[in-house]
J.: 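Dumping the structure here so I can ask a few things about it.
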Amino acid sequence: MIKVENVKKDFKKVVKDQGVKGSIKSLFNRKYEIVHAVDDISFNVDKGEILGFIGANGAGKSTTIKMLTGILTPTEGNVEINGKIPTKNRKEYVKEIGVVFGQRTQLWWDLPLVETFSVLKEIYNVDDDAFKKRMCFLNEVLELDAFIKSPVRTLSLGQRMRADLAASMIHSPKVLFLDEPTIGLDVAVKNNIRQAITQINEQEDTTIILTTHDLNDIETLCQRIVMIDKGKLIYDGTLANMKGQFGNFREVNMSLENSDEIDKLNFLDTFKLKKKDISINKTKEKVSISFNQDKLSIADMLEYLLKNTNIKDISVNDVNIEEIVCRMYGKEVSVND
Ligand SMILES: Nc1ncnc2c1ncn2[C@@H]1O[C@H](COP(=O)(O)OP(=O)(O)OP(=O)(O)O)[C@@H](O)[C@H]1O
Ligand SMILES: [Mg+2]
């Protein structure tokens, strides 16, 4: 369905000397530097699959999505979706795909949402019957009714994201590209969006590429993940396999009477851990400990902390994707499981 073969994208970036003098100098004498935003990546996605496309900030995710949607042309390599090349036959191609860039809306700011949908209906040439059915379906899944008559600029972030998702799907695309569709949303709206994505995928067999920094998105939605770092592909496989390979980490965040209390604890000897199983970050106010819960249970960790430190506040969280990327990057990584 989706084929990405040895794709590269270079950007030319102006290098500026420091200070005002430097800025003026670089106006006359421009020096360039090449940024390898995407550096030789290959992967395939099957029809009906939801692929999690993850990596740290600046890893090259959005640049890849832009090449897949035909907004950018690869410097090298080939992209093919459903037998089409995104930058060629653009008119035909855009009918088959839907795109959401969570960081900025694609809706018309001053138009009421319902009119936006009518405009999109015309752009995509959706016939009346299909449009009616589609609006019913999207309304049900994304609960648009309450704000469908409001201008887009008055919508809350959660409403706006649901509207953006709906707009990307008016024409029943075969492939959906969702670049951070849950960014900045509260837990309830995140769940709502996740359910909508699941339903669309199940009912219409839509192929979905999803980028996110939220591990919960990945856990609830994706059978498979592709991870990139500094433009290079560093993992392609299941989430379960990745956890098995790199440890199943959790994070304890706490405030202590005095952060230095943590220094007198000895996790390695007490729990017979290896260095790679635990890492501690300490600031004046907070201590955060991430540890491999396959080696040390959360219950044992909490008991030990409660006994040996004066805790003012504590919470247990999933580690974020950046943390996993850091761990993977510090180790030998095998691509393809
Ligand atoms: N138009 C551009 N011109 C120059 N450099 C660019 C351009 N677009 C992206 N880059 C650079 O390419 C690299 C990858 O950026 P990209 O936006 O793809 O990252 P990302 O993985 O989506 O990050 P984030 O998680 O922060 O959204 C970054 O170093 C970025 O500064
Ligand atoms: Mg991005």
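Here the structure is a predicted model, which is why all the values come from computation and not from measurement. As the structure lists them, so they are numbered: ligands from 1, and atoms in each ligand from 1.
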J.: Could you grab the protein N, O or S atoms closer than 2.8 Å to the Mg ion (ligand 2) for me?
T.: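 Less than 2.8 Å away from the Mg ion (ligand 2) sit Ser62 OG.
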J.: For Gly60, is at least one N or O under 3.5 Å away from an N or O on ligand 1?
T.: yes
J.: Based purely on interatomic distance, does Phe11 place a nitrogen or oxygen under 3.5 Å from a nitrogen or oxygen of ligand 1?
T.: no
J.: Using side-chain contact (heavy atoms from CB on, under 4.5 Å) as the criterion, list what pairs up with Asp46, not counting sequence neighbours.
T.: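 side-chain contact (heavy atoms from CB on, under 4.5 Å) check on Asp46 returns Glu49.
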J.: Would you please test Arg160 and Asp164 for salt bridge (charged side-chain N to carboxylate O under 4.0 Å, His left out) and show each step?
T.: CA-CA 6 Å; Arg160 204 270 286 151; Asp164 255 301; 2.7 Å; yes
J.: With a heavy-atom distance limit of 4.0 Å, tell me whether Glu180 approaches ligand 1 through its side chain, its backbone, both, or neither.
T.: side chain
J.: Is it the case that atom NZ in Lys3 sees more than 12 heavy atoms from other parts of the structure closer than 6.0 Å?
T.: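 Atom NZ in Lys3 is not packed in, count stays at 12 or less.
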J.: Using distance alone, determine whether Ser62 and ligand 1 share an N or O pair under 3.5 Å.
T.: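 Such a contact does occur with ligand 1.
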J.: Quick one: do Glu303 and Lys307 make a salt bridge, cutoff under 4.0 Å?
T.: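 Result for this pair is yes, salt bridge flagged.
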J.: Using a distance-only test with no angle check, is there a side-chain donor-acceptor pair under 3.5 angstrom linking Asp10 and Thr75?
T.: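 No donor-acceptor contact under 3.5 Å links the two side chains.
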J.: Please work out which of the three classes, parallel, tilted or perpendicular, describes the rings of Tyr304 and Phe267, given edges at 30° and 60°.
T.: perpendicular
J.: Would you indicate whether Lys88, at its atom NZ, is surrounded by more than 12 heavy atoms from other residues, nucleotides or ligands within a distance under 6.0 Å?
T.: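 Open: at most 12 neighbouring heavy atoms sit under 6.0 Å from NZ of Lys88.
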J.: Before accepting this row, confirm whether a basic side-chain N of the pair Lys66/Asp179 lies closer than 4.0 Å to the acidic partner's carboxylate O.
T.: no
J.: Among Ile81, Leu72, Ile71, Thr69, find the residue that satisfies the side chain to side chain contact (heavy atoms under 4.5 Å, CB included) test when tested with Pro86.
T.: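 Only match with Pro86 under side chain to side chain contact (heavy atoms under 4.5 Å, CB included): Ile81.
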J.: Going by distance only, is there an N or O of Val35 that falls short of 3.5 Å from an N or O of ligand 1?
T.: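 No.
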J.: Under 3.5 Å between some N or O of ligand 1 and some N or O of Lys61?
T.: yes
J.: Quick check on contacts: which atoms of ligand 1 are under 4.0 angstrom from a heavy atom of His213?
T.: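 Taking each heavy atom of His213 in turn, ligand 1 has 25 (O) under 4.0 Å.
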